[in-house]
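Structure first, then comments.
Heavy atoms only: backbone and side chains are in, while hydrogens, waters and symmetry mates are out. Values in this document were obtained by computation on a predicted structure and should not be read as measured data. Numbers restart at 1 for each chain; the letters A, B, ... are given by sequence-line order, proteins then strands.
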There are 2 protein chains.
Amino acid sequence: METEMNLPIEELLAFFKALSDANRLKIIGLLATGPHTVEQLAASLNLGASTVSHHLSRLSEAGLVSARAEGYYSVYSLQTDQLEQMSRRLLKRENLARLAQNTDLEAYDRKVLHDFLTPDGRFKTIPAQEKKLLVLLRHIHQALEDNRQYTEKEINEFLKRYHDDFASLRRYMIDHKLMARENGLYWKI
Amino acid sequence: METEMNLPIEELLAFFKALSDANRLKIIGLLATGPHTVEQLAASLNLGASTVSHHLSRLSEAGLVSARAEGYYSVYSLQTDQLEQMSRRLLKRENLARLAQNTDLEAYDRKVLHDFLTPDGRFKTIPAQEKKLLVLLRHIHQALEDNRQYTEKEINEFLKRYHDDFASLRRYMIDHKLMARENGLYWKI
DNA sequence: ATATTAATTTGATGATAATCAAATTAATTA
DNA sequence: TAATTAATTTGATTATCATCAAATTAATAT
């Protein structure tokens, strides 16, 4: 039973933040040679014990080290599992794509629409830039009825709701394979 | 010809720092689905273009993304190589140990010696704590001559230079396998 | 019981870095 | 050539975080 966890962004972030400090990397290095107490680490790194304690707690939250009490010492050890798991996850591209799952993928399109549409839904201008034009063409495209044959007159009326230059719009739609024409009839693709 | 690079701490640190920000992780996620321009990313993340540009430059320095100029766009793509290389390196324990290579491994010992030795090199007290006692015993140990047989009288003289309680020292040295005895003769191990 | 000792926690300080707005650069279009 | 546009750079502001010192906690040793 392989539990192929999904990869929450918070966990990954905690992992990287834990390792994004030079002294914490050195601690990892020292622990890779064997368990150490706080004061041993503090002496080797020339840092205060409180500082090292703080670093260890951050590493601990990320699951990278663990502590075992021994007398009044805390003996810290490296958790190699966590390192290996994380690096293995990083290799999977589909995991990476999931990092963006809560971002707003259509935000750009909405921005373009907002910039180019008047309040009543007509185009202020037909954008010269290909990328923005495409956003508007897709906007028209989704308004076309499925499985309907439009006469040329009908399609012109339809397109005129967006911009007076319906002829250009018609051509663009066909050029970009969002619409097809045959024998004077037009339909959505 | 496999160039199994050693792993400079600066490079690792740059790598982790580059990935230790939530928005940069999201950028990685978005780029994992395909190339994007700065303004597309900015819209999706609801950030200013200048901020995204800044993030991209940090990712770029770490070799995680690359830009290709296209018109006045910069189209950024994910460099999966770098991600894979780094995660593979993380799996090697010997690489980790190397992270500590410039740290001061003997600093703790020196601190203990400093705390327990008088200026003329004698022990103020014999430490009760095992760990510190061991440091002092090793200090004595390295002063013993190699391949020399000490009579009991000689070893007592030798140890008395460190502390009046030479009998305890003698016992500790033997208990900790730093010295051996047979037929009233002592030698360094 | 009281001292000592290691670790942690708390509070304060300084350094680093994320963010935005404005200015600048570089490329394209009119 | 002038105007537009995307990207970058610069400067200022704010938030985060590493660090230390001092106080506290928990365990051991006298």
Can you check whether A:A14's main-chain N or O pairs, donor with acceptor, with A:R58's side chain at less than 3.5 Å? no

Provide, to the nearest angstrom, the distance between the NE2 atom belonging to B:H54 and the P atom belonging to D:dT8. 12 Å

Ignoring backbone atoms, establish whether A:S53 has a side-chain N or O less than 4.0 Å from OP1 or OP2 of C:dT8. yes

Quick one: do B:E70 and A:K131 make a salt bridge, cutoff under 4.0 Å? no

When the distance from NZ of A:K17 to P of C:dA17 is rounded to whole Å, what number comes out? 13 Å

5' precedence on DNA chain C between B:K132 and A:T51 (nearest-nucleotide basis): B:K132

d(CZ, A:R58; P, C:dT9) in whole Å: 14 Å

Using a heavy-atom distance cut-off of less than 4.0 Å, which residues of residues 67-75 of chain B contact DNA chain D? B:Y72, B:Y73, B:S74

Can you check whether B:H55 has a side-chain N or O nearer than 4.0 Å to OP1 or OP2 of C:dA17? no

Without swapping roles, check the side chain of A:R68 against the backbone of A:S74 for a donor-acceptor pair under 3.5 Å. no

For the residue pair A:Y162 and A:H139, categorise the inter-ring angle as parallel (less than 30°), tilted (30 to 60°) or perpendicular (more than 60°). perpendicular

When rounded to whole Å, the CG to P distance for the pair B:L13 and C:dA17 reads 9 Å

Do NZ/NE/NH1/NH2 and the carboxylate oxygens of B:R170 and B:E152 come within less than 4.0 Å? yes

Under a 3.5 Å distance rule, please check whether A:S44 uses its side chain to pair with a backbone N or O of A:L41 as donor and acceptor. no

Determine which nucleotide pairs with C:dA3, using a 3.5 Å limit on both distances of a Watson-Crick or G-U wobble pair. none

Here the distance between atom P of C:dA18 and atom CD1 of B:I27, to the nearest Å, is 11 Å

Taking CD from A:E61 and P from D:dC17, how many angstroms apart are they, rounded to a whole number? 11 Å

B:F16 CZ to D:dA18 P, straight-line distance once rounded to whole Å: 15 Å

Give the rounded distance in Å between these two atoms: CD of A:E39 and C1' of D:dT28. 14 Å

Check every strand shown and say whether A:T37 touches a base, only sugar-phosphate, or nothing at a heavy-atom separation below 4.0 Å. sugar-phosphate

Report yes if a side-chain nitrogen or oxygen of B:Y76 is closer than 4.0 Å to either non-bridging phosphate oxygen (OP1 or OP2) of D:dT8; otherwise report no. yes

Can you say whether the rings of A:F15 and B:F16 are parallel (under 30°), tilted (30 to 60°) or perpendicular (over 60°)? perpendicular

